[in-house]
Amino acid sequence: MLDIQFIRDNPDLVKQKSKEKSFEVNIDRLLEVDKIRRDLMNRKDEALRKKNERQSSISHSASVSPSASLSPSASPSPEEIDANFINEGRDNKKVLADIEAKLKPIEDEYRKLLKAVPNMPTEDTPVGASEADNKVDLEWGEKPKFKAPKSHWEIAETKGWIDKERASKVSGSRFAYLKGDFALLSNSLMRYGIDVLTDEAKLKQIAKKANLEVSTKPFTFVLPPLMIREEMFDAMDRLEPREDRYHIEGTDLWLQGSAEHVLGSMHFDEVLAEADLPIRYVGLATSFRQEAGTYGKDTEGIARLHQFEKLEMESLSTPETSLNEHLFMIAIQEYLMQSIGLPYRKLLKCTYDIGKPNARGVDIEVWLPSQEKYLETHTADYMTDYQSRRLKTRFKSADGSLQLVHINDATAFAQRPLIGILENFQTEDGEVDIPEVLVPYMGGKTQI
RNA sequence: GGAAGGGUGACCGAGUGGUUGAAGGUAGUAGUCUUGAAAACUGCCGUGCCCGCAAGGGUACCGUGGGUUCGAAUCCCACCCCUUCCGCCA
C-alpha cells in the first residue's frame, strides 16, 4: 500500500505512474473520499471531546465527594448524578452514532481505493505497454551449438525422468512426476543454492565482484509453512488475482505461491531492532499456482506446472540499504547462473511488467537451444515499503524513530533452470553432462 | 476431535466499571559516579489518525467485531488466535 500523504502531495505523479503500470486507479475519488473521511473524523473527535470533558468532570467530582473520600474507589450512584447530565450524555451518544454510521462506508471505500494504487516505479524502470518493452540489460555466456538440439521434454521422455501422463491421471493437467536422476538433480540444485546463500565468504566474494557496499550477512535457511492465512496473503498484496491461487475449502487458508509470501509476512506487526537488519532468509518451498488464463501455453515439459519447488531469497532492511539489497540479490542470481554455466540474459522489466507492489523488477532468462529463445528462470523484486506498510513491519532506528522496513525478494532457483541444464548440457548421444559445481551434490556423477 | 487456560506497550508482567495511555520490571536512551568499563543512582522513553510551518494540540487504541452504560482494558455476546493436557497421526 502506498502512503496516503504521498498521494495527497503528488496526485498527478501517482496518476501518471499508475497509468504507466497499466493500473486503473481513481485518484480524484480517493482524494475526495480522503477529505470526507478527515472531515468526519474531526467531527467525531469533537463529539468525543465533549464526552471526555463530561466524564472527567463527573469522575473528578466523585473522587472529591465526601462519600468517596471514605472509600476512594466508590462510584457515584445513579441518584447522585443529575438527570440533565445523563440526558446530555444520551444526546451526544446519538450524535456520535450518526457520525460513525456515515464514516463506516467512507472508510471502506477509502481503503479499497487506496489499496488499488500500485507502487511507484523507479526512475530507471523503462516505461512500457507489454513484455516486449522490457529492456535487455546484459547477455551472458556462450550459446552452445548443436546439430539437432532436443527439447528438455524430449530428453526427459527418453530418460523416463518426467511422467506427466500418470500425473494427469492422478492429479490432472499441469502436474508431473519427476523421477530418478532428474529428481535428484532438482534436489542438488536447491542444495547448491542453499550452500551459496548461507556461506558468508562466498557472499563477500559476490558483493566484491559486483562492487556493492552491502552487508555480507548470510541468509538463514528456512522451511516455511506452505499455507497462509488470507489476511497475511492480502497484506503481502499477493492474494489477487485469487483465480491463480488455491484456497483450502472450509478454512481461512490458501496455498502459498512462492516462499516470498510466507517469508515476507513472517514479521507481521513487529518492531525490529535496526541492529538486526538486514534480516535475510532463503526459503525452500513447494509453490502452488493455478496458472489461470494460461491454457495452451507451455504445455510441454515442466515449464509451467501447478506445483514446483522453489528456493527464494527474502530480505528485510532499512530504506537506505534496500536498493543495494535488491542489487545484491541480482548479483547472487547471476553468480548462481554463471557458476553453473548457463547462458542467460538479464532484463530490466518495464512498468507494465514489474507488478503492482514493485518499484523495480529484474528478470533472468535462460537460453533454450531447442527453441532458440529465452525462458524466465529468476525474478528480483524491489518493493520499498509497499508491503511493509500493510504488514506493519517496522524497525526502531538508532535515533529512536519508527520506520517501515523495506522488503525485497528474489528467486534463487526454481525448477526451470533444470530445463536450461538439460538443454544446454545435452550431448550428441542423448546424455546430459552435470555442471561441475553440481557434481558433488550428484554423488560424484558427471553425466546422467 | 475432547477438556482447560489465556491474548495488555520492543519484551516480561500488574490491573475486574469512574482523571488508566495504562503499575512494576527488562531492554533502549541521556546523564551522575569512574582512568575506562561494569555496577549503582537519576531523567527520558507506546503507536495510529486528525489539526498545525513549527512548538504543540486533539483523538483513538489493552486479540477482532458488536452490545450494555452518563462512563468499559475491566461487564455481556459472537468470532479469531495462542498455550497446555488427553485422543489420533507423520
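Chain letters run A, B, ... following the sequence lines, proteins first, then strands; residues in each count from 1. Just so it is clear, the structure is predicted and the values come from calculations on it, not from any experiment.
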Paired nucleotide for [N] [Watson-Crick or G-U wobble; both distances under 3.5 Å]:
| N | result |
| --- | --- |
| B:A60 | B:U47 |
| B:A27 | none |
| B:G65 | B:C77 |
| B:A3 | B:U84 |

Any idea which of B:U47, B:C51, B:A10 is nearest the A:Val271 side chain?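 The listed nucleotide nearest to A:Val271's side chain is B:A10.
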Can you see whether A:Tyr110 has A:Arg37 sitting over its ring - NZ or CZ less than 6.0 Å from the centre and within 45° of the normal?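 Ring-cation test returns yes.
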Reckon A:Arg390 touches a base, only the sugar-phosphate, or nothing at all at heavy-atom distances under 4.0 Å?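 The residue A:Arg390 makes no contact with any strand.
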Just to be sure I understand the rule, does A:Arg229 reach a base, reach only the sugar-phosphate, or reach nothing, if contact means heavy atoms closer than 4.0 Å?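 Sugar-phosphate: the residue A:Arg229, judged by heavy atoms under 4.0 Å, touches backbone atoms but no base.
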[N] to [M] separation - [atom1] atoms, rounded to the nearest Å:
| N | M | atom1 | value |
| --- | --- | --- | --- |
| B:C79 | B:G2 | P | 14 Å |
| B:A14 | B:G21 | C1' | 15 Å |
| B:G25 | B:U84 | P | 30 Å |
| B:U64 | B:C70 | C1' | 26 Å |
| B:G9 | B:A73 | P | 15 Å |
| B:G18 | B:A72 | C1' | 10 Å |
| B:G48 | B:U35 | C1' | 48 Å |

Within a reach of under 6.0 Å around CD of A:Gln290, are more than 12 heavy atoms found that belong to other residues, nucleotides or ligands?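 Counting other residues, nucleotides and ligands, CD of A:Gln290 exceeds 12 neighbours.
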Need to verify one output field. Residue with the more 5' nearest nucleotide on RNA chain B, A:Arg38 or A:Glu270?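 Between the two, 5'-proximity favours A:Glu270.
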From [atom1] of [X] over to [atom2] of [N], roughly how many Å is that when rounded to an integer?
| X | N | atom1 | atom2 | result |
| --- | --- | --- | --- | --- |
| A:Glu107 | B:A60 | CD | P | 15 Å |
| A:Leu272 | B:U47 | CG | P | 15 Å |
| A:Asp252 | B:G63 | CG | P | 20 Å |
| A:Lys392 | B:G48 | NZ | C1' | 10 Å |
| A:Arg37 | B:C51 | CZ | P | 9 Å |
| A:Glu274 | B:A10 | CD | C1' | 14 Å |
| A:Leu402 | B:U29 | CG | P | 15 Å |
| A:Arg394 | B:G48 | CZ | P | 7 Å |

Could you tell me if the ring centre of A:His306 sits under 6.0 Å from that of A:Phe288?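 Centroid distance A:His306-A:Phe288: not below 6.0 Å, so no.
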Please work out which of the three classes, parallel, tilted or perpendicular, describes the rings of A:Trp161 and A:Phe182, given edges at 30° and 60°.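 If you compare the ring of A:Phe182 with that of A:Trp161, the planes turn out parallel.
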With side chains defined as the heavy atoms from C-beta onward, is the minimum distance between A:Leu336 and A:Phe413 less than 4.5 Å?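 Yes, at least one pair of side-chain atoms sits under 4.5 Å.
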Residue from A:Ser322, A:Ser388, A:Ser315 passing side-chain hydrogen bond (donor to acceptor under 3.5 Å, both in side chains) with A:His406: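 Checked A:Ser322, A:Ser388, A:Ser315 against A:His406; only one passes side-chain hydrogen bond (donor to acceptor under 3.5 Å, both in side chains): A:Ser322.
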